[in-house]
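Below is one structure; the comments refer to it alone.
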Amino acid sequence: MGQILFFYGSVAILVLFLVKGFETVQVSSCQVDCKNITCPVYCNCTETRVSCHNKNLTYIPRVPCGITHLNLSNSNISILSINEINNLTCSFENLTHLSLRDCKITLFVGDVFTNLKQLEVLDLSFNKLLSSQKENFQTLQTALGSLNGAPLRHLKLDHLLIQNGEIFKYFEGRNLTHLSMRENQIIEFNDKILQNFTKLVHLDLHDNWINKINLSSGIETLELFNLSHNQINIFPPVFCDNQTGKTRYTHLKNLDLSWNQIIVPYSQNWNCLKTLETLNLSRNDMEDITNDSFTNLTSLRTLILSEMRFSMRRIRREALKSDSLRCLDLSGNGLNFENPKEVDDNVFLYMPSLTSLDVSDNDLGSDGAKILTNLSHLETLIMSHVYLRLLPDDFLGHFPNLRYLDLSRNKIEQFSLEAFQNVGKLELLNMSDNLISNFPVPPLPSATLKNLKTFNFAYNYFICDCEIVKLRKWIKNVLSDPNKTNLISGYPDQYRCYKPQPLHQVLLKDAEPAHCKHTKYELVLSVVCSVSICFVCTVLIVVGYIYRWKIRLFLHTIAHKKDGGYHPLTYKFEYNTYVVYAEKDSAWVIHDLLKDLEEAKYKVYTKDRDSVPGVARCDEIVDNIYKSKTVILVLSKNFTACQWCIYQLNVAQARAVTLGPHFLIPVLLEGIDTKHMKKSVQHLFRTSTPIEWARQSTKNKLFWTELKTALNAELNDDFEETGYQSYNGEYASIVT
Ligand SMILES: *[C@@H]1O[C@H](CO)[C@@H](O)[C@H](O)[C@H]1NC(C)=O
Ligand SMILES: *[C@@H]1O[C@H](CO)[C@@H](O)[C@H](O)[C@H]1NC(C)=O
Ligand SMILES: *[C@@H]1O[C@H](CO)[C@@H](O)[C@H](O)[C@H]1NC(C)=O
Ligand SMILES: *[C@@H]1O[C@H](CO)[C@@H](O)[C@H](O)[C@H]1NC(C)=O
Ligand SMILES: *[C@@H]1O[C@H](CO)[C@@H](O)[C@H](O)[C@H]1NC(C)=O
Ligand SMILES: *[C@@H]1O[C@H](CO)[C@@H](O)[C@H](O)[C@H]1NC(C)=O
Ligand SMILES: *[C@@H]1O[C@H](CO)[C@@H](O)[C@H](O)[C@H]1NC(C)=O
Ligand SMILES: *[C@@H]1O[C@H](CO)[C@@H](O)[C@H](O)[C@H]1NC(C)=O
Ligand SMILES: *[C@@H]1O[C@H](CO)[C@@H](O)[C@H](O)[C@H]1NC(C)=O
Ligand SMILES: *[C@@H]1O[C@H](CO)[C@@H](O)[C@H](O)[C@H]1NC(C)=O
Ligand SMILES: *[C@@H]1O[C@H](CO)[C@@H](O)[C@H](O)[C@H]1NC(C)=O
Ligand SMILES: *[C@@H]1O[C@H](CO)[C@@H](O)[C@H](O)[C@H]1NC(C)=O
């Protein structure tokens, strides 16, 4: 009780003080008094505007003459009376816009706004009127009533804990066009409270607690009605008279019913709204869109049926039938477009005027997109996050007028140039946030690129290998066109490498893929490389050829290290070797072969020198071949022409059957044409490699080493029992 008394007391004192102050202000003339007033220290002034927002000002400052706009938002004026307002005296005749938003006003005292004769726009939002104190609301009623003398057009009463329309008890609102009462606590709304606002065009009741709504009075001038974020249940509000089927909202163009709890899109409630152009039903609890829900909204151009993923189960075949509809938003419904029980295959057949469609955040799967192909007039297609894995080459061709295409947040891994072949009017293309790793270069046909203004392919899985260099080059090239400098949105910041690991998250712009750093010189480098490799090889081959004998000698020495030097003859043989040669080669045999071998203590049998006179020639040959450990065959042209040589060869070959291939040591004195040789000589060439003689001393060193190795080679040691005996019994005695 004491509090109330104190309260009324203070109000009384204030009013007294006011009247006094008011009087003083009244006497002073604007012209004289106002000339000295300068822009308040904490405020920002232009010729007609003063802004003192965010300054925690505890009063309304004095403003110069002629101010039309005053912004005091975010001040700290706890009680607002005509006294504070009187600091605006100099602009009473001129102030049209006043913002007292969030000024911590808890109380209005008297007809505060009476003197603001020209006020058109007033914002009283976010003040601290406590709803529990009814008196505070009565002071707001009075304050609003004091605006009746002003041509107020816009009134903002957001976030004031308003519960009903009683605040307009004294306010006539004859010129009011825009009324905003967002974020209040209205539970029951009856349009009767606004019936005197005969010019109202915009009504914003966003974010109240409305669950009962009566629209039977109608607001004929209303064009925009925002009822979003309320608690409208099951059925949409009834705009149509159930007797006449007519509405009193004859100019309504935009109706926002989003974020309510409407379950049934009961078309009888809105069918009468023949002027309605935009209907937002996003975030309701609809399950089943029944046929012809919107057909009688003959002016409807934009329909938003988005974000109902937790309730939406079905869109029937003719549910969205509308001849006028241009834009349709079906995003965020989690519908499976591949399942005709959820989205009818022909649902898009009944929208002949549709130019814009958003199906984001549904599941189009691999095949769902094909039901869109009837919409040949589409200019905008938004297919973000629809689980698209593939962009079929023939898909976009169905929309020749496409200008805005969003394919972001899908699972596209690759696409081909053909996919964009027939969309020459494209202005915006968003392919960001897909799984594309290898973009074709160029990514788009030049005809498509021509009109493109924005191309976004950020956040893909760029593989920064050598191919990326080409893409980068293309980007650089495109951006160098003065008309295309802003073409690639988000570049370079949002274009980062995904692979390889060392370049993960590195900007595409800066990535230097390994092995292709110097692209320009790549070709030159590879040519130089191959040329030098060729050169080195050639040098090696030439050097190898020149020193081939030395090399072979070296290899031979290594291979036969252990058995170097003369091996003494065993008891079985009389000669180390028997030399078969043609008469004409005897000079070489005697001067070179014999000389060298005998110096090295080898016992050599040559027919011409060692033959015993009187012994039949054939017998002697056979006998001595059998006494020799090896047979050297001096091969030359002469050899092939020599009958005796062939005979001796035959005997030796027969003997070699027993003693093994090492028994025969062919020595090639000169090159011979193998074609014209006797069979036995050809056979010899096939079974063993001749040791070659040449003039050079190096080569001959090898020759001698090879020959001596051959002479020392181990023979088959079982010849005693088998070979010899089997050859011919007649000669058995010769050995023993
Ligand atoms: C206006 O300001 C001047 C000095 O700046 C002062 O001398 C004069 O008294 C002021 N006039 C009024 C009416 O305040
Ligand atoms: C005044 O406004 C201008 C432009 O709007 C701004 O740059 C400046 O910081 C403001 N000054 C103050 C004191 O708020
Ligand atoms: C106004 O008050 C708020 C809250 O106390 C404070 O954060 C802000 O800095 C103050 N602003 C000025 C300009 O004093
Ligand atoms: C009027 O404004 C002046 C500064 O401009 C201020 O000192 C004074 O307190 C204000 N008067 C009231 C009643 O708020
Ligand atoms: C303020 O309003 C008065 C009366 O309407 C007018 O004569 C005067 O020109 C206006 N001042 C400015 C700066 O607009
Ligand atoms: C007042 O200032 C605030 C803060 O900058 C701004 O958001 C608001 O739009 C302004 N109001 C008017 C009417 O200019
Ligand atoms: C507002 O003013 C009151 C005194 O009038 C003061 O106690 C309070 O701290 C101020 N608040 C801010 C945010 O400046
Ligand atoms: C409201 O506007 C009408 C014209 O539309 C005008 O005649 C009338 O005076 C205005 N009301 C006030 C209070 O200014
Ligand atoms: C509307 O205006 C009529 C008279 O024109 C008046 O009787 C009635 O009280 C007003 N209604 C409201 C809610 O202001
Ligand atoms: C029309 O609505 C009123 C009140 O809502 C109701 O009493 C009446 O039965 C309805 N008439 C028809 C034909 O539905
Ligand atoms: C649409 O309106 C026509 C008459 O204008 C009516 O015959 C038809 O039943 C209405 N359709 C729906 C679904 O309400
Ligand atoms: C850039 O655009 C202008 C007009 O939009 C055009 O005249 C000009 O030819 C274009 N330049 C290039 C390089 O395409």
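Each residue takes its place number in the sequence, starting with 1. Values below: all heavy atoms of this structure, side chains included; hydrogens, waters and symmetry mates excluded. Read the numbers this way: they start at 1 and go in the same order the structure lists the ligands and their atoms.
- Within the listing of ligand 11, atoms 13 (C) sit less than 4.0 angstrom from a heavy atom of D292.
- Among residue pairs with one or both ends in residues 317-338, those qualifying as salt bridge (Lys or Arg N to Asp or Glu O under 4.0 Å) are E318-K321; sequence neighbours excluded.
- Applying the salt bridge (Lys or Arg N to Asp or Glu O under 4.0 Å) test to every pair with at least one member in residues 279-288, sequence neighbours left out, gives these pairs: D288-R316.
- Heavy-atom contacts of N296 reach the following atoms of ligand 11: 1 (C), 2 (O), 3 (C), 6 (C), 8 (C), 10 (C), 11 (N), 12 (C), 14 (O) (cutoff under 4.0 Å).
- A heavy-atom cutoff of 4.0 Å around ligand 6 is satisfied by the protein residues H53, N71, S73.
- Nearest heavy-atom pair, V50 versus C45, reported as atom, atom and distance to 0.1 Å: CG2-SG, 3.9 Å.
- Under the 2.5 Å SG-SG cutoff, C43 and C52 qualify as a close cysteine pair.
- Using a non-hydrogen distance threshold of 4.0 Å, N271 registers as a contact of ligand 11.
- Between Y249 and F225, the angle of the ring planes stays under 30°, which puts this pair in the parallel group of the 30/60° scheme.
- Partners of R301 according to the salt bridge (charged side-chain N to carboxylate O under 4.0 Å, His left out) rule, which considers only residues two or more places apart in sequence or in another chain, do not exist here.
- The aromatic rings of H159 and F126 lie parallel to each other, with less than 30° between the two planes, well short of the 60° mark.
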